Every structure is written in structure tokens, then in C-alpha cells.
Amino acid sequence: MSQTQSNKSSFFVKRPILFVIIVEVLLLFVVTVGGAIATIKELDYTSAIWVSFTPIALALIIYLTWTKKWGSVGFRSLSTIPKRNWLYYFPLILVLIIIGIEGFDGVTLSKVIQFVSFTLLVGLVEETVYRGLILKAMLNKSVTAAVVTSSLLFAFTHALNLFSGQDAASTAVQIVYSLLVGAVLALLMVRDGNILPLILFHFLHNLIQFLGIESTGVNYFDLIALAVLASYTVILIKSLDKKKVVGSIAA
């Protein structure tokens, strides 16, 4: 590594905890400001996310391009994932089937187009932040620290739905659900070092949710998805070869 590259990454490497705190605080600040603007302008939820996430996406693109960290945070060719490792992504497909099993409500072409762009933006930003920047930074501490920190912060961000008037039971399930999703995706990122399948899953997951029939409270499908995610988290932890994956993601 050149001296210039070393200088660029010194803060990222030497102060991972401070780096993570700064990234999370900036994310929450921008989302809060975006939400305030949307409230003042009386925009809907989708528009509020656009207002918040668009500047974050632009900032990430500029930062990753300037520091040349696209590859280090997981933007790599899918061919870098060994063929046998694709089996580890099948449970994600099962989760998508479970959350979509109730069907879809009033799906139109314009609605699909609207939510495709919206959910792709969310998937790109959240995966790059939590399974890219935060996970990568905390790997300088340990694999455990990286997975736990990125998962907890991901769940914490989603816990802010408490302030949107959502009932306590639904919010509790959502927090546990996002924690488990975060853990599974973080473990897959540690295993393969490729963020593209995670962005695709996040995108499809959110798209199915937004196009699906809106339900109130907690249903059986939510609990089944939780059981699948919890079981798969344990399987991934037990199957993880730490020495190999750390070398893979650090490349």
C-alpha cells in the first residue's frame, strides 16, 4: 500500500469506533432533517425518504470514489463469490417468499416504477452504510464486533418507528426482525465480501413490503420469518471460518 493510500485510510483503520459513531450520527441527522422538511412541506412517506436518502447516496458516491473504497466495502464482481457459497443465499429467497405470501394490493405499473426506484435507493444506502462502511471499519476490531455493531445500529435506526405512532408490539417485532436481518446480511458479507447480493435482497424485500397488502399488528408470517432468520443466524455463525473470511473481505 502506498503512503497516500495509507494516509487516506488511517482514520478509517485507526479510529473505527469514532468513524462508526460519526457515520451513524450523520445518517440520523440527515434523515431527521429530511423528515422535518417533508413534514413542513406536507410530503408523503416516500417523498420524505427521497429527500433524506438522495443526499446520503450522493455523499457516499463522492466519498467512495474519492477514497477509492468501492471494492473494499464490497462492490465487487459477483464472480468473486464461490459457486458453492451461493447456497448460503437461498434462505434469503425463502424470507422473500414468506413476506410476499399474503399477496399484493392494487399493483399498477406506475406504482411498481415508483417503488422500484425508491426501494433501490434505500437498499443501496443502508447496505453501503451498515454492511459496507460500518462493518468494514469494525472488522479492524474483530469479526464479532463488526457483526454485532452493524446489526445493532441497523436495528436501532429502524426502532425510530416508535415515533411514527406504530404500536409497541409491531415495533418490537420490527426491531428484532431488523436485528436478525442485519446479522444474517453482516455474516454473509463477512463470508463473501460482496455487497451486491445484499443490496438486491434489501431492494426486493422492501419492494415486496411496499407493494404488499398492508396488515395491522403481528401475524403468523412475521413469526415464521423471524424463526427462519434466527435459525439461519445460528447456522451462519457455526459455519463461519473466521480466518478465511477476514482475509477475503480485507482484500
Side-chain angles (χ1 to χ4, degrees), residues 1 5 8-9 11-13 16 19-20 22-24 26-27 53 56-93 95-96 119-155 157 178-206 232-233 236-237 239-251:
M1 180 183 290
Q5 290 173 315
K8 285 182 178 179
S9 63
F11 178 68
F12 184 85
V13 173
F19 177 83
V20 167
I22 291 173
V23 169
E24 179 69 7
L26 285 175
L27 175 67
F53 277 54
I56 297 174
L58 292 174
L60 288 172
I61 292 171
I62 293 171
Y63 171 75
L64 294 175
T65 302
W66 179 262
T67 59
K68 299 180 180 179
K69 289 185 180 295
W70 285 101
S72 70
V73 297
F75 286 89
R76 303 173 179 178
S77 169
L78 292 177
S79 62
T80 61
I81 301 176
K83 291 182 180 179
R84 65 181 180 278
N85 281 16
W86 282 106
L87 292 172
Y88 287 98
Y89 294 88
F90 285 170
L92 297 183
I93 298 175
V95 171
L96 294 178
T119 52
L120 185 58
L121 174 66
V122 173
L124 173 66
V125 169
E126 292 193 346
E127 290 308 313
T128 302
V129 169
Y130 292 104
R131 259 68 67 179
L133 294 175
I134 289 176
L135 183 76
K136 174 68 176 180
M138 291 306 295
L139 277 173
N140 292 301
K141 291 291 185 180
S142 69
V143 171
T144 300
V147 172
V148 171
T149 301
S150 63
S151 303
L152 285 175
L153 290 178
F154 183 65
T157 302
S178 58
L179 179 63
L180 291 173
V181 168
V184 167
L185 297 184
L187 288 164
L188 288 171
M189 181 64 178
V190 169
R191 171 177 288 281
D192 292 324
N194 198 312
I195 204 171
L196 297 183
L198 311 186
I199 292 174
L200 177 60
F201 167 77
H202 201 142
F203 155 63
L204 291 174
H205 182 280
N206 287 359
Y232 194 47
T233 299
L236 282 173
I237 291 172
S239 68
L240 200 63
D241 185 335
K242 293 182 180 180
K243 289 183 181 179
K244 287 184 179 179
V245 295
V246 172
S248 169
I249 197 170

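The structure displayed is predicted, hence computed values, not measured ones.
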Rounded to the nearest 0.5 angstrom, the OH-CG distance for Y89 and L188 is 5.0 Å
To the nearest 0.5 Å, atom CG of L198 lies from atom CG of L185 at 5.0 Å
Separation between CG (N85) and CG (D192), nearest 0.5 Å, reads 4.5 Å
Residues pairing under ring pair (Phe, Tyr, Trp, His ring centres under 6.0 Å) where one sits in residues 180-200, two or more places apart or in two chains, turn out to be none
I81 and P197 have their tightest heavy-atom pair at CD1-CG, 3.7 Å
T149 side chain to A146 backbone, donor-acceptor under 3.5 Å
no
With side chain to side chain contact (heavy atoms under 4.5 Å, CB included) as the criterion, how do L92 and L204 come out once you've worked through the C-alpha distance, each side chain's angles and the decisive distance to 0.1 Å? CA-CA 10 Å; L92 297 183; L204 291 174; over 6 Å; no
I want to check something: taking the side chain as every heavy atom from C-beta on, are L153 and V129 in contact at a cut-off of under 4.5 Å?
no
| field | Steps toward ring pair (Phe, Tyr, Trp, His ring centres under 6.0 Å) verdict (W66, Y63) | value | CA-CA 5 Å; W66 179 262; Y63 171 75; over 10 Å; no
Sorted by chain and residue number, the side-chain contact (heavy atoms from CB on, under 4.5 Å) partners of S150 (sequence neighbours excluded) come out as I134, L135, A186
Those residues at least two apart in sequence (or on a different chain) that pass side chain to side chain donor-acceptor pair (under 3.5 Å) with T80 are N194
Hits for side-chain contact (heavy atoms from CB on, under 4.5 Å) against L120, two or more places apart or cross-chain, chain-then-number order -> F203
Within the 4.5 Å heavy-atom criterion, are L133 and L60 side-chain neighbours or not? yes
Contacts of E127 meeting side chain to side chain donor-acceptor pair (under 3.5 Å) (sequence neighbours excluded), chain-then-number -> R131, H202
Going by atom types only, do T157 and Y130 share a side-chain donor-acceptor pair under 3.5 Å? yes
d(F154 CZ, L180 CG) to nearest 0.5 Å is 11.0 Å
Between the NZ atom in K136 and the CD1 atom in I195, the distance rounded to the nearest 0.5 Å is 12.0 Å
Interatomic distance, CG@L27 vs CD@E126, rounded to 0.5 Å, equals 7.5 Å
Check whether any side-chain heavy atom of Y232 lies under 4.5 Å from a side-chain heavy atom of V95, and answer yes or no. no
Applying side chain to side chain donor-acceptor pair (under 3.5 Å) to W70 and not counting sequence neighbours gives T65
### Task
Side-chain contact test, heavy atoms from C-beta onward, threshold under 4.5 Å: evaluate it for K69 versus F75 and give yes or no.
no
query: Do R191 and L240 have side-chain heavy atoms sitting under 4.5 Å apart?
result: yes
Scanning both residues in full, the closest heavy-atom pair of M189 with V73 reads CE-O, 3.1 Å
Can a side-chain donor-acceptor contact be found between T144 and S142 if the only test is distance below 3.5 angstrom?
no
Nearest heavy-atom approach of F19 to A137 is CD2-CB, 3.7 Å
When every non-hydrogen atom of L96 is compared with those of F201, the smallest separation belongs to CD2-CE1, 3.7 Å
